[in-house]
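Input: a single structure, listed below in structure tokens.
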Amino acid sequence: MKTIIKIMAIGTLCLPFVSCEKYLDKTPDEDMTLDKVFTNQEWTDQFLAHIYSWCPTEANFADDGGAWRSPFVGGSDEMEIAFGGAYSHQINSGAWNTSDINRSPIWNETYMAVRKVNHFLENLDKVPNAGQELKTRWRGEGHFMRAYHHFLSFRAYGPIVLLDKSLEMTDDLLSYTRQPVDVCVDFIVNECDIAVQHLPTDYFNNTNLFGRATSIAAKALKSRVLLYAASPLYNGNTDYAGFVDAEGRPLISQTSDLEKWKRAADAALDCITEAEASGYGLYDQNPNKVENYREIFTANFNKEQLFVKPLNQYDHYLWCDDPISLGGYSIINPTQEMVDAYEMADGTAPISGYDSDGIPIVNPASGYQEEGYAATADEQGRWPSGVRNMFVNREPRFYASINFPGQYWKTNQDGTPHELAFWYDGIDGRRFAGSDYCKTGYLMRKLVNERSTRLYPSFFVNQSVWVYFRLGEQYLNYAEAINEYEQSPAKAYPYVNAIRKRAGLPDLPEGLSYMEMRDRIKHERQIELAFETHRFFDVRRWKDAEASQNQPIHSLNINEGAHKQDDAFYKRIVVENRVFESPKHYLFPLHRDEINKNPERLIQNPGW
């Protein structure tokens with residue numbers, strides 16, 4: 001009898017069946033067996049809850065480890081992680097390799113979760129006294145989880161092994177090999193379609209089920225995977241012409257198919273239509289556009305959130321976002337390039353490019369000023385007086401997302417607003433820090449509940465969630481896919497403009513070509529979806545990474561500055577010269593031990 005706590009290595013896949021004993025009570029003299037789990041409705045539901053726990057804690061951008069974290073935000077040009085042990089540094093320097101890739105154990109842990117899902121789906125009908133309605137929902141959740149964990153593997157590795165049943169030691173384990181991307185996508189889409197048939201659209205009237213999968217979540221996942229499949233990385237990518245399996249099948253399509261964009265557009269529009277018919281919508285509850293955008297992520301289970309992970313009072317990422325003088329680690333640092341990407345309040349771009357030394361080329365039509373300081377504070381509180389002019393009159397999402405020098409954040413011990421002082425001699429600056437200090441002169445404000453405190457006035461952490469899917473993404477998915485399919489921006493305009501209107505920005509200019517709309521959508525995704533684990537994969541699926549990620553990233557000069565208006569502090573300096581090798585770095589490598597188990601049939605990704 002297989003027990004829940006038994007560890008099994010399954011052939012070419014690392015598939016230990018990790019213990020559920022923290023979720024399932026055991027009798028004093030025996031391990032809880034699979035057969036035992038499915039004799040009890042509560043135990044079965046807890047087994048399913050344990051599968052949800054394997055959804056990655058993407059809010060943690062810095063650390064390695066189990067229930068794997070997210071090296072993706074720090075591994076893109078939107079962020080620098082100050083903690084020297086973050087795996088994102090390996091990615092950014094080009095030093096990551098097939099020996100250390102298990103520091104981000106995506107391959108291992110997605111298949112751990114898939115194995116649990118398969119056990120669940122194969123046994124749920126055995127549960128006595130569980131009504132058909134409950135079993136139907138359970139089945140839908142199981143198929144969603146199987147689709148989602150396959151997707152997590154797919155987005156990192158491309159072609160993956162597909163598992164729709166539990167493996168036994170008697171199986172021909174070497175026969176399980178990586179499948180072509182189009183086969184993988186069809187498998188994930190089919191699992192989503194099955195989930196849709198079994199799941200309700202929402203749990204608005206049953207808060208006990210918040211965080212569980214719905215049919216809308218399944219449609220959102222289908223939309224995203226089809227968008228990826230239609231993109232240049234997977235749709236006719238001749239850079240991978242030699243990437244074939246043991247039978248000679250191309251693992252990535254060599255022929256571009258415009259219909260893949262239509263399939264992606266249809267899926268996104270279906271998700272939007274069904275979601276809005278069910279009561280979901282773009283979150284637009286607060287007339288203050290800065291606070292409204294922040295509340296998308298801090299107002300738990302709001303109508304824009306389609307699938308989330310309840311983090312309860314998980315606090316580590318909150319302390320990574322706080323300055324050192326408030327007891328934080330100052331680890332999560334947006335890059336200067338990310339700061340520059342935000343528009344002005346009137347929708348114009350402040351920076352039109354950079355010269356060979358990384359000096360910004362200011363767009364004169366924007367009114368942006370790199371020099372000088374604000375004489376007065378903003379009436380709406382977006383910036384205080386005395387801050388650098390480069391932080392003045394930017395779009396609302398900038399103030400909701402970026403904590404900049406001189407901005408106020410939380411409160412001091414005496415209850416006064418805390419001024420962020422990242423210059424060298426400032427209380428949040430490098431002079432007074434240990435090994436962790438703000439490396440760029442900026443901290444991330446987005447995703448963080450300002451009411452959570454570590455030191456002042458007392459320790460308190462708000463309940464929080466991590467948003468995997470939200471309706472705003474679906475608007476941008478549809479806009480991108482329909483623009484690419486029809487090679488006309490007409491149908492994309494309303495969806496991009498809806499996102500911009502919600503953000504307090506004017507509509508896009510009329511008369512854009514479809515290529516110009518493509519660039520606008522890419523930019524809109526960079527800003528609207530910043531720090532949500534999209535940028536890393538977007539620049540790869542677009543095949544833009546070899547340009548955008550193979551550049552130096554910059555910061556303010558944290559090694560200088562005696563006070564807030566010390567010009568020396570605002571000089572841009574290079575933080576890191578980042579490396580991106582094409583086509584090698586477009587896909588994660590498999591760990592060499594996995595390849596060594598079946599070197600003739602388990603194919604490594606190109607370049608590794």
Side-chain angles (χ1 to χ4, degrees), residues 56 58-62 69-81 86-92 96 104 106 151-152 154-156 223-225 227-228 231-234 293 296-297 317 321 331-343 349 351 395 397-398 400-402 440 442-447 466-470 472-477 479-480 496 499 503 518-555 575-576 578-580 582 585-588:
E58 292 185 344
N60 188 337
F61 303 158
R69 315 306 192 201
S70 172
F72 308 119
V73 174
S76 75
D77 57 354
E78 61 188 357
M79 188 72 72
E80 172 71 4
I81 303 301
Y87 193 67
S88 57
H89 295 300
Q90 298 293 99
I91 294 173
N92 292 330
W96 51 323
S104 184
I106 302 166
F151 168 74
L152 292 176
F154 161 74
R155 73 176 182 176
S223 164
R224 191 186 296 178
V225 72
L227 185 75
Y228 280 34
S231 300
L233 181 63
Y234 298 119
Y293 182 72
I296 297 170
F297 314 99
Y317 80 105
D321 277 295
I331 280 175
I332 299 180
N333 309 151
T335 65
Q336 185 64 54
E337 282 74 12
M338 187 67 216
V339 169
D340 292 345
Y342 287 91
E343 296 176 7
I351 306 295
E395 63 161 288
R397 289 177 298 190
F398 172 79
S401 303
I402 306 294
T440 67
Y442 304 100
L443 290 178
M444 183 182 74
R445 191 182 188 109
K446 179 178 174 178
L447 311 178
W466 175 261
V467 182
Y468 293 117
F469 296 98
R470 63 182 176 95
E473 178 205 346
Q474 298 302 311
Y475 274 50
L476 295 176
N477 288 0
E480 180 180 349
V496 181
I499 293 293
R518 173 192 287 175
D519 290 340
R520 290 286 191 150
I521 291 170
K522 287 181 177 181
H523 175 77
E524 203 64 41
R525 289 184 70 94
Q526 181 183 13
I527 301 303
E528 175 68 19
L529 305 178
F531 317 136
E532 297 178 51
T533 323
H534 287 278
R535 177 73 174 167
F536 184 96
F537 298 104
D538 277 349
V539 296
R540 282 163 171 76
R541 67 180 178 85
W542 293 327
K543 292 184 65 179
D544 290 349
E546 56 202 279
S548 65
Q549 309 303 300
N550 200 31
Q551 301 284 342
I553 58 117
H554 293 79
S555 71
V575 175
E576 185 175 45
R578 294 196 170 174
V579 175
F580 188 94
S582 176
H585 291 153
Y586 275 106
L587 298 173
F588 267 50

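The residues of the chain are indexed from 1 along the displayed sequence. Note that the structure is a prediction, hence the values are computed from the model and not measured.
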[X] (side chain) donor-acceptor with [Y] (main chain) under 3.5 angstrom:
X	Y	result
Tyr586	Glu546	yes
Ser76	Val73	yes
Asn550	Phe580	yes
Tyr293	Phe398	no
Arg540	His585	yes

When rounded to the nearest 0.5 angstrom, what distance separates [atom1] in [X] from [atom2] in [Y]?
X	Y	atom1	atom2	result
Phe537	Leu227	CZ	CG	13.5 Å
Lys543	Ser582	NZ	OG	6.5 Å
Tyr475	Ile521	OH	CD1	14.5 Å
Thr440	Ile402	OG1	CD1	8.5 Å
Gln549	Phe536	CD	CZ	8.5 Å
Ser104	Arg69	OG	CZ	11.0 Å

Salt-bridged, [X] to [Y], with N to O below 4.0 Å?
X	Y	value
Asp538	Lys522	no
Glu480	Arg541	yes
Lys446	Glu78	no

Problem set entry | Trace of the side-chain contact (heavy atoms from CB on, under 4.5 Å) decision for Glu80 with His89 | CA-CA 9 Å; Glu80 172 71 4; His89 295 300; 3.5 Å; yes
For this session: List the steps, then state whether side-chain contact (heavy atoms from CB on, under 4.5 Å) holds for Glu343 with Ile527.
Result: CA-CA 9 Å; Glu343 296 176 7; Ile527 301 303; 5.9 Å; no
Problem set entry | Check against side-chain contact (heavy atoms from CB on, under 4.5 Å), Trp542 and Arg525 | CA-CA 12 Å; Trp542 293 327; Arg525 289 184 70 94; 3.8 Å; yes
Is there side-chain contact between [X] and [Y], with heavy atoms separated by less than 4.5 Å?
X	Y	answer
Gln551	Asp77	no
His534	Leu476	no
Ser70	Phe531	no
Val579	Asn92	no
Ser555	Gln336	no
Pro56	Trp466	no
Arg470	Glu532	yes
Met338	Met79	no

Exercise. Is the centre of the Tyr234 ring less than 6.0 Å from the centre of the Phe154 ring?
Worked result: yes
Exercise. Mind checking whether Phe72 and Phe588 have parallel, tilted or perpendicular rings, split at 30° and 60°?
Worked result: tilted
Problem set entry | Shortest non-hydrogen separation from Ile81 to Gly74 and the atoms involved | CG1-CA, 3.8 Å
Seminar exercise, completed: Nearest heavy-atom contact between Gly75 and Ile91 is O-CG2, 4.2 Å
Problem set entry | Steps toward side-chain contact (heavy atoms from CB on, under 4.5 Å) verdict (Ser223, Phe469) | CA-CA 10 Å; Ser223 164; Phe469 296 98; over 6 Å; no
